[in-house]
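Accompanying notes for the structure given below.
Computation of the quantities below employed the complete heavy-atom set of this structure, encompassing side-chain atoms and omitting hydrogens, waters and symmetry-equivalent molecules. What you see is a predicted model, and the numbers here were worked out from it, not measured in a lab.
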Amino acid sequence: GGNAVLGYLLGGAIIGPYALGLISDVHSIKHLAEIGVVLLLFNIGGRGGGGRGGRGVFGMGTAQVVLTLLGVAGVAMLASGLPGPGAIILGGSLAMSSTAVAIQVLEERGEMGSRHGRAIFSVLLLQDLAVVVLLMLIPLLAPSPDGSSGGFARIAQALGLAAVKAVVAIVGIIAGGRLLVRPLYKKISEFANAEIFAATTLLMVLGTSFLTQLAGLSLALGAFLAGLLIAETEFALQVESDIAPYKGLLMGLFFMSVGMEISVQLFIAKWKEVLAAITILIVGKVAVMAAIGPMFGVPRLAAIRSGLLLAPGGEFAFVAFGEAVARGVLPAATCNLLYVVVALSMALTPYLAEFGSRLGAVMESSDLKELQPKEDEMKEMKDHVIIAGYGRVGQIIAQMLSEQLIPFVALDVSSARVSVGKKKDVPVFFGDAGSASVMHLVGAERAACAIIALDTPGANYRAVYTMSKHFPHVKTYVRAHDITNAVNLERAGATAVVPETLEPSLQLAAAVLREMDFNTEEVSSIVDEFRRKHLSDLQVLSAASGTSLGYGFEK
């Protein structure tokens, strides 16, 4: 079946002006609904972003927009005889994707931290900047009273001025925000008033968005910058919790406003043209991403999956087409048809994502060569986490890292586990963590740390020894099977060792104590006291064995 996004789109189509007509003024609703997209981008920024860095944003994003623009413009000129200026605006508008729908689908599927999720986010960020350029081009390409359009010099001058304003605005917001955000939230938190704290967050989001809009940039980009600034503070989790209700409500309103653009009557009258346009749009944009993705370090399959979610049209098309009609750049009849094409293509996004997942399962079989890491896939990875062992422990850790958008790569010697991970587009590969060459392939020399959670004590020991010998600067955290194993792992070079029996035993004991009518404070005190005593005994053992047994807890 579909998901919430599809339900909102269908609901909007039913109550919109082309069906029941319960709501006729769609334009006024969109102004309020756009705040949902603003809060969505703020939420992503508050998690520390999600892109691949400058090369992914500016390189891959620019290539996607430019190539799609040229392709769509060429098809429009050949198929319908559209003049050059109109074809450029048409191509640029359809090159854009829906930030709101794509990110919502990725979050619902838990794929924001995947390779294709990060690639999609990079392209969407560049598209947010490209929106400014296209909106400036519309009046410049509009015909003057004598029938001519703006010259090249005039266009170049306007774009150059826009670039300067964008750089100044972004740098100013980031620099000023780093000076003001943390002191502001510290002061507000002293009031101990949840309403004031939430109001401050909304003011921060909308204020920064307004500043970027003044500079000619999008509201969503300003919200993303505000989120990045708050992500650097200790208040990020509370801020995310405060905006969640507003974001969910307004995002639903936004999707319904898109559904209101779907004209059932027009679709019935022009269904062949609509389906043909949707097919050409999706196939073309997927082909572009499949071609450029590997050039920027994105594996072919991840590039195809990225293309499937970027292929539908975006909400910007509704704004651009309306402006283009008003300026006489595009005919109204063409834009009315394109409204239906864009809205229906957005409704297909959840199904395209599912198709990409199933396509990945077919393309990545149990062939070990396909499951092994490739150096060109990892060359851009740095400050990432290596998870050695994709069993129950490794999968939980991977899920937590993915939710926080922390880059990671996992290794396992079970092809079945690797195949399961690949179906979910988790960066897990077949390989022995005890092999220095395999660890090199997953970028161990550039990693932030490594987590060793393999099935046997011997495998853990080999992996720790390999990391200690070949990558001594990388901190290594290991799951130990027992105390003797913990001592050996410390001697092999592990940074921290966690005995696998301790914490589960304490949690089970805590559950029993609560059942025996101990209150929460008593349970916490008893468990903490036992942990301290256990660690004290371990320190005596560590002194006798000559190891530190420092596994993450203080005495």
Side-chain angles (χ1 to χ4, degrees), residues 1-40 93-94 96-111 120 124 220 244-282 285-286 308-319 321-322 335-358:
N3 65 356
V5 173
L6 185 61
Y8 284 127
L9 291 170
L10 290 175
I14 292 170
I15 67 174
Y18 300 108
L20 297 180
L22 299 180
I23 295 177
S24 57
D25 188 4
V26 180
H27 186 70
S28 61
I29 290 178
K30 281 190 173 180
H31 284 301
L32 178 61
E34 190 177 355
I35 300 177
V37 182
V38 167
L39 294 178
L40 178 66
S93 301
L94 293 181
M96 302 301 153
S97 308
S98 175
T99 298
V101 177
I103 291 180
Q104 185 79 8
V105 170
L106 284 172
E107 287 193 328
E108 289 181 359
R109 296 176 62 86
E111 295 174 351
I120 288 168
L124 290 174
Y246 307 104
K247 184 195 77 172
L249 180 65
L250 292 171
M251 281 303 298
L253 181 61
F254 169 79
F255 293 132
M256 291 187 74
S257 72
V258 172
M260 293 175 193
E261 299 286 355
I262 300 175
S263 170
V264 179
Q265 297 92 334
L266 184 58
F267 174 71
I268 293 174
K270 301 276 189 179
W271 67 271
K272 290 182 180 178
E273 292 89 337
V274 171
L275 294 181
I278 291 175
T279 303
I280 293 171
L281 180 66
I282 292 174
K285 292 177 81 171
V286 170
L308 285 168
L309 269 81
L310 292 169
E315 53 273 8
F316 168 73
F318 300 114
V319 177
F321 291 153
C335 289
N336 289 335
L337 185 65
L338 289 172
Y339 286 146
V340 179
V341 170
V342 172
L344 289 178
S345 69
M346 291 170 69
L348 292 175
T349 306
Y351 297 105
L352 292 172
E354 179 61 25
F355 174 72
S357 177
R358 296 187 180 186

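In this structure, Met251 and Leu39 have side chains that are not in contact, with every pair of non-hydrogen atoms separated by 4.5 Å or more. In this structure, the side chains of Ser357 and Arg109 come closer than 4.5 Å at one or more pairs of heavy atoms. For the pair Val26/Pro17, a side-chain contact is recorded, criterion being any heavy-atom separation below 4.5 Å from C-beta on. Annotation: side chain of Leu308 is not in contact with side chain of Tyr351 (no heavy-atom distance under 4.5 Å). Contact annotation: the side chain of Val101 never approaches that of Leu309 to less than 4.5 Å [non-hydrogen atoms, C-beta and beyond]. Side-chain contact between Val105 and Glu111 is absent, with no heavy-atom pair separated by less than 4.5 Å. The closest side-chain heavy-atom distance from Val342 to Phe318 is below 4.5 Å.
Going from atom CD of Gln104 over to atom CZ of Phe254 covers 10.5 Å, rounded to the nearest 0.5 Å. With rounding to the nearest 0.5 angstrom, the CZ atom of Phe321 is 10.0 Å from the CG atom of Leu337. To the nearest 0.5 Å, the span separating CD1 on Ile14 from CE on Met256 amounts to 8.5 Å. Atoms CG and OH, on Leu344 and Tyr339 in that order, are 15.0 Å from each other to the nearest 0.5 Å.
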key: From CA spacing to verdict: side chain to side chain contact (heavy atoms under 4.5 Å, CB included), Ile35, Tyr246   = CA-CA 9 Å; Ile35 300 177; Tyr246 307 104; over 6 Å; no

inquiry  = Could you walk me through whether Leu10 and Phe255 satisfy the side chain to side chain contact (heavy atoms under 4.5 Å, CB included) test, starting with their C-alpha distance in whole Å, then the side-chain angles of each, then the deciding distance to 0.1 Å, before giving a yes or no?
reply    = CA-CA 9 Å; Leu10 290 175; Phe255 293 132; over 6 Å; no

message = Thr99 vs Glu315, test: side chain to side chain contact (heavy atoms under 4.5 Å, CB included). Steps then yes/no.
response = CA-CA 8 Å; Thr99 298; Glu315 53 273 8; 4.0 Å; yes

